[in-house]
Amino acid sequence: MALRYLDEQIAEALLEIGAVSLRPKQPFTWTSGIKSPIYCDNRITISDPSVRDLIALGFAEKIREMYPDAEVLAGIATGGIPHAAFVAQKLNLPMIYVRDKAKGHGKENVIEGSLKPGQKVVMIEDLISTGGSSVKASLAVREAGAEVLGVIAIFSYQLEKAAENFGKPGFAFDSLSNFTALSKVALKLGKIEQDDMELLQSWRTNPESFGV
């Protein structure tokens, strides 16, 4: 697999199985109330063996190229957990996962699995929107004494807020595919029209005011 074309391969796969949908003229409404021309549910990917393997291969290649010193993979709850398991198996690396909050019983763990101070960790996420959950999980790993090399997601909306949130604690982040690649592939496949591209770009630039 060539990393050069990975973003478009993943984008096409997500569109084909309905993990990502585009409706520029009839926007979706997120839980936050934001109107969006795109809806992403990457949990669907775990039900398609060929797509989940493509994603795992993509993660494995990126980790080999960007973080060859990685010692542990961490799945971010909940969407990143199965993908971290698939990739850990391919790379023969230990895996942990990070809860969104401490367990309410037992040891009240936030991090599940064995993590030693000083270990170098790559965080696996399914989706980056504003980056809030990814940063929270990464901080938990850092506070446990490990080194967070970076966060890699299946898909990123490429919102400016995400860059701002990751930048504050200094975490590197990347994704297998993104909004730019998806828009390009969707246009090529005829899933959107040329005049939709301007609407998509206006949303990415200022999502809060889209459709208002």
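Just so you know, these numbers come straight off a predicted model, no measurement behind them. The residues of the chain are indexed from 1 along the displayed sequence.
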Would [X] end up clustered with [Y] when hydrophobic side chains under 4.5 Å apart are linked, directly or stepwise?
{"X": "Leu149", "Y": "Ile63", "value": "yes"}
{"X": "Tyr97", "Y": "Met123", "value": "no"}
{"X": "Phe155", "Y": "Ile34", "value": "yes"}
{"X": "Ile46", "Y": "Ile44", "value": "no"}
{"X": "Leu127", "Y": "Leu73", "value": "yes"}

Lys25 with Asp195: basic N within carboxylate O range, under 4.0 Å: yes
Salt bridge present between Glu164 and Lys161 (N-O < 4.0 angstrom):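 Between Lys161 and Glu164 there is a salt bridge, with a charged N closer than 4.0 Å to a carboxylate O.
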Geometric class of the Trp203/Tyr157 ring pair [parallel <30°, tilted 30-60°, perpendicular >60°]: perpendicular
Compare every heavy atom of [Y] with every heavy atom of [X], then report the nearest pair and how far apart it is.
{"X": "Phe59", "Y": "Val87", "value": "CB-CG2, 3.4 Å"}
{"X": "Asn42", "Y": "Ala19", "value": "OD1-CB, 4.0 Å"}
{"X": "Ile154", "Y": "Asp126", "value": "CB-O, 3.3 Å"}
{"X": "Ala140", "Y": "Ile111", "value": "O-CD1, 3.7 Å"}
{"X": "Ala70", "Y": "Leu93", "value": "O-CD2, 3.7 Å"}
{"X": "Ala162", "Y": "Ser129", "value": "CB-O, 3.4 Å"}

Roughly how far apart are [X] [atom1] and [Y] [atom2], rounded to 0.5 Å?
{"X": "Leu6", "Y": "Leu54", "atom1": "CG", "atom2": "CG", "answer": "7.0 Å"}
{"X": "Ser175", "Y": "Ile152", "atom1": "OG", "atom2": "CD1", "answer": "9.5 Å"}
{"X": "Ile38", "Y": "Ile192", "atom1": "CD1", "atom2": "CD1", "answer": "9.5 Å"}
{"X": "Ile81", "Y": "Ile76", "atom1": "CD1", "atom2": "CD1", "answer": "9.5 Å"}
{"X": "Thr205", "Y": "Leu200", "atom1": "OG1", "atom2": "CG", "answer": "10.5 Å"}
{"X": "Ile96", "Y": "Leu115", "atom1": "CD1", "atom2": "CG", "answer": "4.5 Å"}

Side-chain heavy-atom pair [X], [Y] within 4.5 angstrom cut-off:
{"X": "Lys116", "Y": "Gln119", "value": "yes"}
{"X": "Arg64", "Y": "Leu91", "value": "yes"}
{"X": "Lys90", "Y": "Asp53", "value": "yes"}
{"X": "Ser133", "Y": "Asp100", "value": "no"}
{"X": "Met95", "Y": "Val72", "value": "no"}
{"X": "Phe210", "Y": "Pro37", "value": "yes"}

Between [X] and [Y] (side chain of the first, backbone of the second, donor and acceptor by atom type, cut-off under 3.5 Å), is there such a pair?
{"X": "Asp7", "Y": "Leu176", "result": "no"}
{"X": "Glu71", "Y": "Lys120", "result": "yes"}
{"X": "Asp48", "Y": "Val51", "result": "yes"}

side-chain contact (heavy atoms from CB on, under 4.5 Å) partners for Arg52, two or more places apart: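 With neighbours one apart ignored, the set is Pro49, Phe86.
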Test log, rule side-chain contact (heavy atoms from CB on, under 4.5 Å), inputs His83 and Thr45: CA-CA 9 Å; His83 295 286; Thr45 62; 3.1 Å; yes
Pairwise side chain to side chain donor-acceptor pair (under 3.5 Å) hits with a residue in residues 134-148, at least two apart: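 The answer is Glu125-Ser134.
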Side chain to side chain donor-acceptor pair (under 3.5 Å) pairs, two or more places apart, involving residues 10-24: none
Ring pair (Phe, Tyr, Trp, His ring centres under 6.0 Å) evaluation trace for Trp30 with Tyr39: CA-CA 8 Å; Trp30 287 358; Tyr39 183 77; 8.3 Å; no
Stepwise side-chain hydrogen bond (donor to acceptor under 3.5 Å, both in side chains) check, Arg99 with Thr78: CA-CA 8 Å; Arg99 297 174 176 272; Thr78 55; over 6 Å; no
Steps toward side-chain hydrogen bond (donor to acceptor under 3.5 Å, both in side chains) verdict (Ser209, Asn206): CA-CA 6 Å; Ser209 65; Asn206 193 355; 3.0 Å; yes
Salt bridge (Lys or Arg N to Asp or Glu O under 4.0 Å) evaluation trace for Asp196 with Lys191: CA-CA 10 Å; Asp196 292 326; Lys191 295 186 179 294; over 6 Å; no
Verdict with supporting geometry, Glu65 and Lys62, side-chain contact (heavy atoms from CB on, under 4.5 Å): CA-CA 5 Å; Glu65 181 181 274; Lys62 267 198 179 288; 5.8 Å; no
Ring center gap for Phe171 and Phe166 short of 6.0 angstrom: no
Distance-only donor-acceptor check, side chains Glu8 and Ser177, under 3.5 Å: no
Over 12 non-hydrogen atoms of neighbours within 6.0 angstrom of CD in Glu160: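 Atom CD in Glu160 is not packed in, count stays at 12 or less.
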